[in-house]
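Comments concern the structure below.
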Number of protein chains: 2
Amino acid sequence: MNTRHTSSHNKITAASPSFSELKALLAFSQPLFTLRKKTTLITDGEKFKGLYLVHSGLLKQSQLKKTSENEIITHFFFPGDLIGLDSIFENHYSGSIASIETCGLSLIKFHDIANLPITKESHIQLLRILSKSMRIEHTRLWRTLSQSSDSRLAYFFITMSSKFREQGYSPNSFRLPMSRQEIANYLCMASETVSRIVSRFENEGLLSANGHEYFILNPEGLARIAEKA
Amino acid sequence: MNTRHTSSHNKITAASPSFSELKALLAFSQPLFTLRKKTTLITDGEKFKGLYLVHSGLLKQSQLKKTSENEIITHFFFPGDLIGLDSIFENHYSGSIASIETCGLSLIKFHDIANLPITKESHIQLLRILSKSMRIEHTRLWRTLSQSSDSRLAYFFITMSSKFREQGYSPNSFRLPMSRQEIANYLCMASETVSRIVSRFENEGLLSANGHEYFILNPEGLARIAEKA
DNA sequence: CGGTGCCTTGAACACAATCAAGTATGGTGG
DNA sequence: CCACCATACTTGATTGTGTTCAAGGCACCG
């Protein structure tokens with residue numbers, strides 16, 4: 001299985017927890033394919049085909065608000081993440097899903113949860129993954145709702161940091177391929193606000209940002225901001 | 001089964017969709033018991049015992065923010081709703097759950113989803129209910145995040161209206177036992193804001209509010225406000 | 001070099017929170 | 001049944017956070 005990330009950071013450990021949890025499902029995984037950057041994988045309302053497992057790259061799931069303006073980004077998908085969990089009991093996917101950078105993906109093909117030819121234990125296991133991911137998402141939304149922009153962004157960097165640590169990369173030095181605008185859409189704020197806060201965090205010595213490369217200089221300080229009202 | 005509501009509104013139809021979807025589960029339902037108003041049913045982090053089915057009354061699920069201040073209300077539970085769906089794959093409930101008015105409840109007792117002694121079809125059915133409720137909640141959170149206070153509150157009244165319609169009561173005249181403060185905590189705004197907007201809606205002839213009694217006068221107008229950015 | 005898109009920074013504005021009275025309402029005891 | 005108190009609700013004034021509008025800078029790429 002190819003878990004190599006496109007960025008050049010050091011790999012510390014090998015296993016992504018999500019992968020190990022998915023052994024049973026992976027038996028049904030189709031061959032890995034490549035999706036080049038800024039390409040749509042799934043259009044809004046498309047028929048459910050199965051789950052996609054991300055091997056490398058980054059994708060976003062977004063909902064276009066009817067009131068023309070900017071998209072709302074509901075998820076970023078990193079290596080080890082499953083795409084489509086929120087549609088597993090539906091006939092169609094929700095929102096459109098597109099790559100931000102070139103991705104390696106594989107499809108775990110099934111039409112319906114009831115048709116997934118795995119054991120009862122694996123079934124329960126899948127449901128636990130589903131439940132866990134929903135709970136994480138739920139927590140994130142509540143945080144976004146009830147916290148200040150500073151807290152949200154600090155929490156975002158902490159989350160990203162954890163993601164990279166889990167994948168075996170350095171948690172304090174990483175590349176985020178998404179634009180400021182996309183981060184803003186994910187956190188439900190204006191891109192100017194993201195810019196301003198990042199600048200402030202830099203002045204306060206919390207982190208350093210150079211284009212899409214980020215260095216966390218003071219994780220404790222960020223955590224403190226993320227936790228306060 | 002006692003599905004009578006405590007308020008005095010006309011009952012139009014008999015069935016709550018949630019009840020009919022739950023036939024298999026209901027076979028394991030314990031006897032109905034009464035919880036008097038403003039009483040805690042579940043304290044935060046309590047061990048999972050099963051799902052509670054609401055027969056009458058109203059309950060709230062809330063998370064107390066560590067930063068001392070006011071609670072965040074994550075759910076209101078109406079007759080026909082299941083309490084604990086979000087904890088079905090966990091060992092403990094999340095948040096504390098308390099009645100707002102006197103409630104009739106029954107417990108569907110089981111320790112673990114794997115131990116639920118029902119057929120595969122019922123199992124899948126339960127999961128669909130779970131999935132549906134999470135999707136509804138998810139949609140609600142996204143709306144709350146990305147809409148103005150006006151839209152949120154308009155949407156709240158529309159949702160309440162649908163709830164009552166589903167239960168067979170008049171969708172345009174109903175009693176909401178929760179306080180303004182509780183509505184505010186549910187929608188993540190200040191109670192003063194709720195007051196102001198309700199007053200404005202009244203002036204604009206959209207609805208009429210008298211204490212806890214609400215009359216929707218212009219559903220289309222409310223829907224328009226709920227839908228616009 | 002001169003573009004184009006992305007990002008940053010500044011200034012003005014708007015929406016909702018907070019602070020602060022003041023007004024109903026409901027429950028309790030006389 | 002009324003008087004009283006506590007609580008909930010309303011309304012106004014002020015403040016603050018974040019958006020919007022606008023301009024300028026930087027980098028990548030022809």
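Basis for what follows: all heavy atoms, side chains included, without hydrogens, waters or symmetry-related copies. Throughout, a chain's letter reflects where its sequence line sits, starting with A, and its residues are numbered from 1.
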Name the pairs: protein N/O against N/O of nucleotides 12-20 of chain C, kept only if under 3.5 Å.
from   : atom 1 : to     : atom 2 : distance (Å)
C:dA16 : OP1    : B:S149 : N      : 2.7
C:dA16 : OP1    : B:S149 : OG     : 3.3
C:dA16 : O5'    : B:S149 : OG     : 3.1
C:dA17 : OP1    : B:A190 : N      : 3.3
C:dA17 : OP2    : B:A190 : N      : 3.3
C:dA17 : OP2    : B:T193 : OG1    : 2.3
C:dT18 : O4     : B:R196 : NH2    : 2.8
C:dC19 : N4     : B:E192 : OE2    : 3.1

For residues 39-54 of chain B, which side-chain N or O atoms pair as donor and acceptor with protein atoms under 3.5 Å away, sequence neighbours left out?
from  : atom 1 : to    : atom 2 : distance (Å)
B:T39 : OG1    : B:R36 : O      : 2.5
B:T39 : OG1    : B:K37 : O      : 3.3
B:T43 : OG1    : B:E46 : OE1    : 3.3
B:D44 : OD1    : B:G95 : N      : 2.8
B:E46 : OE1    : B:T43 : N      : 2.9
B:E46 : OE2    : B:K49 : NZ     : 2.8

Give every residue pair that meets the ring pair (Phe, Tyr, Trp, His ring centres under 6.0 Å) criterion with at least one member in residues 177-212 of chain A, sequence neighbours excluded. A:F76-A:Y186, A:F156-A:Y186

Would you tell me if any nitrogen or oxygen in the side chain of A:S199 comes within less than 4.0 Å of OP1 or OP2 on C:dT9? yes

For B:R180, enumerate each residue passing the side-chain hydrogen bond (donor to acceptor under 3.5 Å, both in side chains) test, keeping only those at least two apart in sequence or located in another chain. B:Y214

Go through the structure and list residues passing side-chain hydrogen bond (donor to acceptor under 3.5 Å, both in side chains) with B:S96, not counting sequence neighbours. none

Those residues that, when tested against B:K60, pass salt bridge (charged side-chain N to carboxylate O under 4.0 Å, His left out) (two or more places apart): B:E71, B:E182

Bend angle of the helix from C:dC1-D:dG30 to C:dG30-D:dC1, end axes from five pairs each (to 10°): 30°

For A:R180 and C:dG5, give me the distance from atom CZ to atom P, rounded to whole Å. 19 Å

By side-chain hydrogen bond (donor to acceptor under 3.5 Å, both in side chains), which residues pair with A:E137, not counting sequence neighbours? A:R140, B:H138

Distance alone, cut at 3.5 Å: any donor-acceptor contact between the side chains of A:T193 and A:S149? no

Which residues share a side-chain hydrogen bond (donor to acceptor under 3.5 Å, both in side chains) with A:D150, sequence neighbours left out: A:R200

So where does chain A start and stop touching DNA chain D, 5' to 3', when the test is distance under 4.0 Å to a non-hydrogen atom? D:dG18 to D:dC21

Pairing residues for A:F77 by the ring pair (Phe, Tyr, Trp, His ring centres under 6.0 Å) criterion, not counting sequence neighbours: A:H75

Could you list the residues that satisfy side-chain contact (heavy atoms from CB on, under 4.5 Å) with A:S199, not counting sequence neighbours? none

